[in-house]
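Source: prediction; values computed, not measured. For the single chain, residues carry numbers from 1 onward in sequence order.
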Amino acid sequence: MREFPFELALCAHLEATEEWVVGRQIGGGVRAPGNRILDVVCVEPGPGMDARAALTPEAIPDAAVESDASVGRARDPVEAFDCSPEHARRVADRAVEIGFFERALGGGVRQVARYPDDWFGRLVGVENKPDLDAPGDLLTQLRKDASLAVVDKAVLATESYVTGAHLNRLPDPVGVWRFDPVTGDREVVREPEPLPASEGGVEVLDEHPLRTDVAPVSADEKARRRRRMAERAYGKGWRTYEFPACARAEVAAREGADGLPFCEWKGGVVNPAECGPSCPGHEDADPPDVDLDAARDGRTPWVADPEGRARRQSGLDRFC
């Protein structure tokens, strides 16, 4: 199976079987966030999850969380943020838009409720590689995860039969799941070992034949990145696609998790980004009628409409 359908099937399975918030394609680097994109990030709820869910269904900008704009007295964004005035105003506007800030008379902003620092617990990072005979950069990616340890546990998910030789090539702390995307069966081949996520780490930036470029990362820097990753996974989720405008496109479910893009002509879950007139089975039609937020709401700790606020319109931020 190709990686995209495999990834969606695994996300649906985790949503159906775990009490986690599941997000796809989350930046996991600290000094260079785009240097490592985690296929799946699973967020374990913490004691403050209900308080976080009551704030907004969107990802809260890190600058807004770290600003001096508190629940009490309203502050001018330029004074409350440690950044340029232009960026401060943009972040404040976004925080107001998603409901984390409210605007006071005079243009100042304040939090509508206190941000719960304990809303998430452990983070589990999953690298998907259905076919271990075509590993690509798999070992480099997993070495980055083990060295930086920005997640609490790192896991390789595959459809392949896993041999002892495969396990010996992987970093020792990395766990292995063998997952069948059709049946939903998940076998734990090797349990992941806890990573030192609360300590400093070493970020692998680049690898060359005769050297490896690295950067030390402090515990505080990792803590900030972990919060950003958790926020991103919370706001983004894993249904980060639009359905194709094709008569063959259908809405499918796996293990009760709805909202997967299924192609009747290909007979399986597909990547909508690859659909279009160039496909031999394409037939022009309106996209299927599907509410991806409704498919997610109620299945995880994520809440689409906290305290009965009006439903937001899905926008381009879903794909950022």
Side-chain angles (χ1 to χ4, degrees), residues 20-46 48 52 58-67 81-84 87-88 90-91 94-95 115-129 136-156 170-175 192-208 211-238 240 317 319-320:
W20 293 342
V21 172
V22 181
R24 293 180 52 248
Q25 301 297 305
I26 307 294
V30 176
R31 297 297 177 84
N35 183 53
R36 176 68 177 107
I37 305 298
L38 294 167
D39 288 338
V40 179
V41 171
C42 305
V43 183
E44 181 182 86
R52 169 62 187 86
E58 303 281 3
I60 300 174
D62 197 62
V65 175
E66 294 188 340
S67 74
F81 287 78
D82 185 19
C83 58
S84 69
H87 185 63
R90 285 197 299 270
V91 174
R94 176 59 179 163
Y115 183 85
D117 291 317
D118 62 346
W119 74 267
F120 67 93
R122 293 180 300 178
L123 303 182
V124 179
V126 183
E127 180 65 23
N128 297 313
K129 193 61 62 175
D137 294 331
L138 174 64
L139 297 184
T140 298
Q141 293 165 331
L142 294 177
R143 280 197 293 266
K144 289 181 178 181
D145 297 342
S147 176
L148 179 57
V150 75
V151 293
D152 296 272
K153 293 183 178 181
V155 175
L156 164 66
L170 302 177
D172 290 338
V174 176
E193 298 177 11
L195 297 171
S198 61
E199 304 173 10
V202 176
E203 183 168 2
V204 177
L205 300 176
D206 200 4
E207 290 189 328
H208 306 276
R211 77 172 197 274
T212 299
D213 298 333
V214 300
V217 176
S218 70
D220 287 344
E221 289 174 313
K222 281 173 59 172
R224 287 194 293 272
R225 170 50 55 184
R226 284 167 55 81
R227 184 179 63 216
R228 291 175 184 176
M229 291 170 64
E231 280 291 342
R232 191 74 180 120
Y234 187 87
K236 184 179 183 182
W238 57 269
T240 56
D317 64 296
F319 306 99
C320 297

Audit row: Val124, Glu44, side chain to side chain contact (heavy atoms under 4.5 Å, CB included) steps and yes/no:
CA-CA 8 Å; Val124 179; Glu44 181 182 86; over 6 Å; no

Main-chain N/O of Val217 paired to Lys222 side chain as donor or acceptor, under 3.5 Å:
no

So CG of Leu195 and CG of Asp145: to nearest 0.5 Å the spacing works out to 8.0 Å

Result for salt bridge (charged side-chain N to carboxylate O under 4.0 Å, His left out) between Glu58 and one of Arg94, Lys236, Arg52 points to Arg94

Residues in salt bridge (charged side-chain N to carboxylate O under 4.0 Å, His left out) with Arg227, at least two apart?
Asp62, Glu66

Distance-only, no hydrogens or angles: does the Ser147 side chain make a donor-acceptor pair with backbone N or O of Val202 under 3.5 Å?
yes

Would you say the side chain of Phe120 lies within less than 4.5 Å of the side chain of Tyr234, judging by non-hydrogen atoms?
no

Between the main-chain N or O of Val151 and the side-chain N or O of Arg122, is there a donor-acceptor pair closer than 3.5 Å?
no

Nearest atoms (heavy-atom pairs only) where Ala88 meets Phe81:
CB-CB, 3.7 Å

Quick check: are there more than 12 heavy atoms from other residues, nucleotides or ligands sitting under 6.0 Å from CG of Asp82?
no

If the condition is side-chain contact (heavy atoms from CB on, under 4.5 Å), which residues does Lys129 pass it with, not counting sequence neighbours?
Glu3, Leu132, Leu138, Leu156

Taking the side chain as C-beta and beyond, is there a heavy-atom pair between Thr140 and Val204 under 4.5 Å?
no

Looking only at atom types and distance, does a side-chain atom of Glu203 sit under 3.5 Å from a main-chain N or O of Val30, one as donor and one as acceptor?
yes

Kindly give the heavy-atom pair with the smallest separation between Val21 and Ala233, and that separation in Å.
CG1-O, 3.8 Å

How many angstroms lie between CG in Asp39 and CD in Gln141, if you round to the nearest 0.5 Å?
7.0 Å

Verdict with supporting geometry, Val155 and Val174, side chain to side chain contact (heavy atoms under 4.5 Å, CB included):
CA-CA 5 Å; Val155 175; Val174 176; 5.7 Å; no

Which heavy atom of Ala215 sits nearest to which heavy atom of Leu205, and what is that distance?
CB-CD1, 3.9 Å

Would you say the side-chain atoms of Arg225 pair up with the backbone N or O of Gly29, donor to acceptor, closer than 3.5 Å?
yes

For a quick test of reading the model, state the closest non-hydrogen atom pair linking Leu148 to Gly28 and the distance between them.
CD2-O, 3.4 Å

Ala95 to Ala64 - nearest heavy-atom pair and separation:
CB-CB, 4.1 Å

Tell me whether Asp152 contacts the main-chain N or O of Ala197 through its side chain, where contact means a donor paired with an acceptor under 3.5 Å.
no

Quick one: does Val150's side chain get under 4.5 Å of Met229's, heavy atoms only?
yes

Could you tell me whether the side chain of Asp206 reaches within less than 4.5 Å of the side chain of Thr212, counting heavy atoms only?
no

Smallest separation among heavy atoms of Ile37 and Gln25, with atom names
CG2-OE1, 3.5 Å

Evaluation steps, salt bridge (Lys or Arg N to Asp or Glu O under 4.0 Å), between Arg36 and Glu127
CA-CA 11 Å; Arg36 176 68 177 107; Glu127 180 65 23; 2.8 Å; yes

